[in-house]
*Asks:* 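Structure below; questions to follow.
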Amino acid sequence: MKKVIVGLSGGVDSAVAVIMLQKQGYDVEGVFMRNWDSSLNNDVLGNPNDPFDVCPQEKDYLDAIEVAKKLNIKLHRIDFVSEYWDYVFKYFIKEYEEGRTPNPDILCNKEIKFKAFLDKANDMGCDYIAMGHYARTKTINGKVRLLKGVDQNKDQSYFLCQLSQEQINKALFPIGELTKPEVRKIASSYELNVATKKDSTGVCFIGERNFKLFLQNYIPAKPGLMKDLKGNVLGKHDGIMYYTIGQRHGLGIGGPGEAWFVIGKDIKNNILLVGQGQDNEYLYSNRCLVKDVNWLGEPFTTLSCTAKFRYRQKDIPVTLKKLDDNMIEVTYLDCARAVTPGQAAVFYDGDILIGGAVIDKVYMNDKLRMY
RNA sequence: AGGGCCAUAGCCAAGCGGUAAGGCAACGGACUUUGACUCCGUCAUUUCGAUAGUUCGAAUCUAUCUGGCCCUG
């Protein structure tokens, strides 16, 4: 009997993942990961939780215990707090300090869930690990490919774009063939306590936070001016790093005309560039350079495929040109809005995820966008 | 201090005698395992710069005052 270690979060998805694995005849054990320690990591600002109350993380653990009991599996609890800090959070902060907009959950998958966790699971003698992601694997021509989840609305393959082939080979995604409503229905039929539990959001393992305040725990404010492209002063900001390209709220710019958006960052002069209109021209680009390439498809020099520049955004047709082993030029005929440095560009061939990379530089034709 | 114009929510702004549109911002919620975008909702009633008056009824008309803008000396 093959043994599978499941990352049991205390949510409905990973609980149903256990059920699916049991149905398929696997020997299943669960591991609850604890990767963030609020008091140790000192995230006082922006933490909505009453320090004297049971924190959501512990509530999740209790839920996981109950699920494990109900489904009759062993549950372990492992701390990766220091690994998370060293391999995910440090990078996260560093990127913000440089004015970029990182995606910590992609790194969390690469470094924690499918690395630190996988190592532990191997020590426990597992054949596979499994997670409650909406994604699939499928063996095509003898190679395991990572595919989008069947539920187009919940597809989470975007967050798995930095997994290596070795990591994918070891992973199972038991709910990838299901839709969210189906998952909840199965959970109900097993009378799981988490069947109707609200989906968790916010940074994985950290949770909902007032983002600006949260960052202020680690990055001091650095006030400066907000200007439009003509140099007119529109207001003041607390620090360029608290804003991201395409952001509307939190600018506090009222007055005549359309809404104002963050359209760029002049890091050198500590100026936040703002412009009016949801479809402000400066928010659009048609070419970008991506780095930290994780390539899972066939080797190529040029290639047509689709790309997603943000989670839950529709993929758009693109052409890739390999510049070197770690850099790809991506051009898209239809302009894309708010392609943001630090975010992930994820490439697909239909439902197959063929690569992921980090957006580095963004252009409109030959003009570099000051993002 | 001669003449003209304007004062409506934090910011723009409709209203032209009949019981305060809309937009931006802000706040709340939905959506969302990043961060955004988006969507929905709330937001002047001891209220229309102040005071007095005309009228059944005034943000709307009149007078005075205050504040600001423009033109001419």
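Lettering of chains follows the sequences in order, A, B, ..., and the numbering in each one begins at 1.
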*Asks:* Classify the side-chain pair A:Lys170/A:Asn122 by whether it contains a donor and acceptor separated by less than 3.5 Å.
*Replies:* yes
*Asks:* Which atoms of nucleotides 22-31 of chain B (N or O only) lie under 3.5 Å from a protein N or O atom, and what are those distances?
*Replies:*
{"residue": "B:G23", "atom": "N2", "partner": "A:Gly255", "partner atom": "O", "Å": "2.8"}
{"residue": "B:C24", "atom": "OP1", "partner": "A:Arg248", "partner atom": "NH2", "Å": "3.3"}
{"residue": "B:C24", "atom": "O2'", "partner": "A:Ile253", "partner atom": "O", "Å": "3.1"}
{"residue": "B:C24", "atom": "O2", "partner": "A:Gly255", "partner atom": "N", "Å": "3.3"}
{"residue": "B:A25", "atom": "OP1", "partner": "A:Arg248", "partner atom": "NE", "Å": "3.0"}
{"residue": "B:A25", "atom": "OP2", "partner": "A:Arg248", "partner atom": "NH2", "Å": "2.8"}
{"residue": "B:A25", "atom": "O3'", "partner": "A:Gly252", "partner atom": "N", "Å": "3.4"}
{"residue": "B:A26", "atom": "OP1", "partner": "A:Gly250", "partner atom": "N", "Å": "2.9"}
{"residue": "B:A26", "atom": "OP1", "partner": "A:Gly252", "partner atom": "N", "Å": "3.4"}
{"residue": "B:C31", "atom": "O2'", "partner": "A:Arg312", "partner atom": "NH2", "Å": "3.4"}

*Asks:* Can you tell me how far P of B:A36 sits from CD of A:Gln247, to the nearest Å?
*Replies:* 6 Å
*Asks:* Paired with B:U60 by Watson-Crick or G-U wobble geometry, both distances under 3.5 Å: which nucleotide is it?
*Replies:* none
*Asks:* Take atom CG of A:Asn280 and atom C1' of B:A36, then tell me their distance rounded to the nearest Å.
*Replies:* 15 Å
*Asks:* With a 3.5 angstrom cut-off on both distances, give the Watson-Crick or G-U wobble partner of B:U54, or none if there isn't one.
*Replies:* none
*Asks:* Between atom OH in A:Tyr242 and atom P in B:A36, what is the gap in whole Å?
*Replies:* 14 Å
*Asks:* Please say whether more than 12 non-hydrogen atoms of neighbouring residues, nucleotides or ligands are located less than 6.0 Å from CD1 in A:Ile140.
*Replies:* yes
*Asks:* Rounding to an integer number of angstrom, what distance separates B:C16 and B:A36 when you compare their P atoms?
*Replies:* 43 Å
*Asks:* A:Lys180 near the nucleic acid: base, sugar-phosphate alone, or nothing, with a heavy-atom cut-off under 4.0 Å?
*Replies:* nothing
*Asks:* What's the CD1-P distance between A:Ile316 and B:C37, to the nearest Å?
*Replies:* 20 Å
*Asks:* List the residues meeting salt bridge (Lys or Arg N to Asp or Glu O under 4.0 Å) with A:Asp325, not counting sequence neighbours, and say none if there are none.
*Replies:* A:Lys322
*Asks:* Using the P atom as the point on both nucleotides, what is the distance between B:G22 and B:A44, in whole Å?
*Replies:* 11 Å
*Asks:* Do we get A:Arg369 above A:Tyr284's six-membered ring, with its NZ or CZ under 6.0 Å from the centre and within 45° of the axis?
*Replies:* no
*Asks:* Can you tell me how far C1' in B:A30 sits from the matching atom in B:U19, rounded to whole Å?
*Replies:* 36 Å
*Asks:* Among A:Tyr371, A:Phe347, A:Tyr332, exactly one meets ring-ring contact (aromatic ring centres under 6.0 Å, His included) together with A:Phe309. Which residue is that?
*Replies:* A:Tyr332
*Asks:* Please state the C1' separation for the pair B:A14 and B:U55 - nearest whole angstrom.
*Replies:* 25 Å
*Asks:* Is the distance from OP1 or OP2 of B:U38 to the nearest side-chain N or O of A:Gln278 less than 4.0 Å?
*Replies:* yes
*Asks:* Can you check the distance between B:A9 and B:A59, where both ends of the measurement are the C1' atom (answer in whole Å)?
*Replies:* 14 Å
*Asks:* Does any nucleotide pair with B:A26 by Watson-Crick or G-U wobble geometry, both distances under 3.5 Å, and what is it?
*Replies:* B:U42
*Asks:* Output the rounded distance in Å from CG (A:Leu272) to C1' (B:A36).
*Replies:* 13 Å
*Asks:* Taking the nucleotide of RNA chain B with the closest heavy atom to each, which residue, A:Ile245 or A:Tyr311, is nearer the 5' end?
*Replies:* A:Tyr311
*Asks:* Classify the ring geometry of A:Trp36 against A:Tyr84: parallel below 30°, tilted from 30° to 60°, perpendicular beyond 60°.
*Replies:* perpendicular
*Asks:* In the structure shown, which nucleotide is the Watson-Crick or G-U wobble counterpart of B:A7, with both distances under 3.5 Å?
*Replies:* B:U66
*Asks:* Could you tell me if A:Arg34 sits above the aromatic ring of A:Tyr61, with its cationic atom closer than 6.0 Å to the ring centre and no more than 45 degrees from the axis?
*Replies:* no
*Asks:* Taking atom C1' in both B:C70 and B:U62, what distance in whole Å separates the two?
*Replies:* 25 Å
*Asks:* Where does B:C37 fall, syn or anti, if syn means a chi angle no more than 90° from 0?
*Replies:* syn
*Asks:* May I have the distance from A:Arg337 (atom CZ) to B:U38 (atom P), rounded to whole angstrom?
*Replies:* 7 Å
*Asks:* Measuring only the P atom in each nucleotide, how far is B:C48 from B:C40? A whole number of Å is fine.
*Replies:* 32 Å
*Asks:* Which is true for A:Phe261 with a 4.0 Å heavy-atom rule: it touches a base, it touches only sugar-phosphate, or it touches nothing?
*Replies:* sugar-phosphate
*Asks:* Should B:A21 form a Watson-Crick or G-U wobble pair with both distances under 3.5 Å, which nucleotide is its partner?
*Replies:* none
*Asks:* How long is the line joining CD1 of A:Ile359 and C1' of B:U34, in whole Å?
*Replies:* 12 Å
*Asks:* Parallel under 30°, tilted from 30 to 60°, perpendicular over 60°: which one fits the rings of A:Tyr158 and A:Tyr311?
*Replies:* tilted
*Asks:* Mind calculating the distance between CG (A:Leu107) and P (B:U34) to the nearest angstrom?
*Replies:* 15 Å
*Asks:* Below 6.0 angstrom between ring centroids: does that apply to A:Tyr242 and A:Phe211?
*Replies:* no
*Asks:* In Watson-Crick or G-U wobble terms, both distances under 3.5 Å, what is the partner of B:C37?
*Replies:* none
*Asks:* Could you measure between the two C1' atoms, the one in B:U60 and the one in B:G18, and give it in whole Å?
*Replies:* 11 Å
*Asks:* Does A:Asn270 reach the main-chain N or O of A:Pro223 with its side chain, forming a donor-acceptor pair under 3.5 Å?
*Replies:* yes
*Asks:* Sort me out a list of protein N/O and nucleotides 40-43 of chain B N/O pairs below 3.5 Å, or just none if empty.
*Replies:*
none

*Asks:* Quick one: do the A:Asn280 and A:Gln276 side chains pair a donor with an acceptor below 3.5 Å?
*Replies:* no
